[in-house]
Amino acid sequence: MTMPFWIGTSWKMNKTLGEAADYCAALHDAELLRDPRLQGFVIPPFTALSEVCRALADTPVMVGAQNMHWAEQGAFTGEISPLMVRDCGADIVELGHSERRESFNETDAAINRKVKAALAQGLRPLICVGETAEEKALGAAADTVIRQCRIALGGVPVEALERVLIAYEPVWAIGEHGTPATAEDAGWMHRRIREALPTTAQGAPLPVLYGGSVNPDNCAELAALPEIAGLFIGRSAWRPEGLLRIAERALAARPGT
Ligand SMILES: O=C(CO)COP(=O)(O)O
């Protein structure tokens, strides 16, 4: 069975409840997201998480949180637990985004604790990895990314791997000042990650999504590579039309579709 192609967005620190509701209403009516060859997902800020879960509950679109603590409860002011994320109705939790590694000092070891806590709570961790421009220039891109993956997955039992998603997001490609990776560069790293990671208990490779300045113009050549299992989009999907346009073009470019 071929896996659906993952297409999703993190809204990062954007959208009021009203804006979130409008976005979900547009997705709700989109036939494209009901196509079994696609798996859509939306990752709103915590403030909109339960509303978005409710608004998309009768669609196949999955919903995720942007981060969480590893403890189930306790004296951790300002944090959100795996239980709370699950209680909102989320399926996914994004962990280790480079903005969190950079601005909130998230370490590989902390991400590993979060991955295990997410799996224990029945969530799908979406683990973000990626090298900085400096690491790339020094020839350490693959070493960095593979180290991040290995530490994130340390101690995860093989039966749980089928719920793990990886997003390769080179730091130099993300955001307003980012330069998107070429399909060739992204494909090369995706193959390195595949070679280095364990497979699921059924022998399937872990899905590795690409993120970093994905837009309607570059999505087709990225989606055309069989080793890229999905696209994780920021700015270009913050309007529902953007997400849908990318989904449509990516699907058309997907091998075998
Ligand atoms: O960080 C990203 C998704 O997590 C990508 O953001 P941009 O698509 O805005 O570069």
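In each ligand, atom 1 is the first atom listed, and ligand 1 is the first ligand listed. One is the number of the first residue; the rest follow in order along the sequence. None of the values given here were measured: they were computed from a predicted structure.
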Hey, does Gly178 sit under 4.0 Å from ligand 1 if you only count heavy atoms? no
salt_bridge(Arg245, Glu248) N-O dist < 4.0 Å: no
Short version for His97: what comes under 4.0 Å of ligand 1, heavy atoms counted, is side chain
Would you mind reporting whether Asp217 and Arg249 have side-chain heavy atoms less than 4.5 Å apart? yes
Which residue in the set Phe41, Tyr168, Tyr210, Phe5 passes ring pair (Phe, Tyr, Trp, His ring centres under 6.0 Å) when paired with Phe232? Phe41
Close-contact set for ligand 1 against Phe232 heavy atoms, below 4.0 Å: 4 (O)
Gly211 heavy atom under 4.0 Å from ligand 1: no
Residue pair Pro125 / Lys114, side-chain heavy-atom distance below 4.5 Å: no
Counting heavy atoms only, name the option from Gly175, Gly234, Cys128 that's nearest to atom 10 (O) of ligand 1. Gly175
Heavy-atom check, side chain of Thr199 versus side chain of Leu161, under 4.5 Å: no
Inspect the contact between Asp108 and Arg101 and indicate whether a charged nitrogen and a carboxylate oxygen are less than 4.0 angstrom apart. yes
Those atoms of ligand 1 less than 4.0 Å from some heavy atom in Ser213: 7 (P), 8 (O), 10 (O)
Counting only heavy atoms, tell me which of Lys12, Arg235, Glu169 gets closest to atom 6 (O) of ligand 1. Lys12
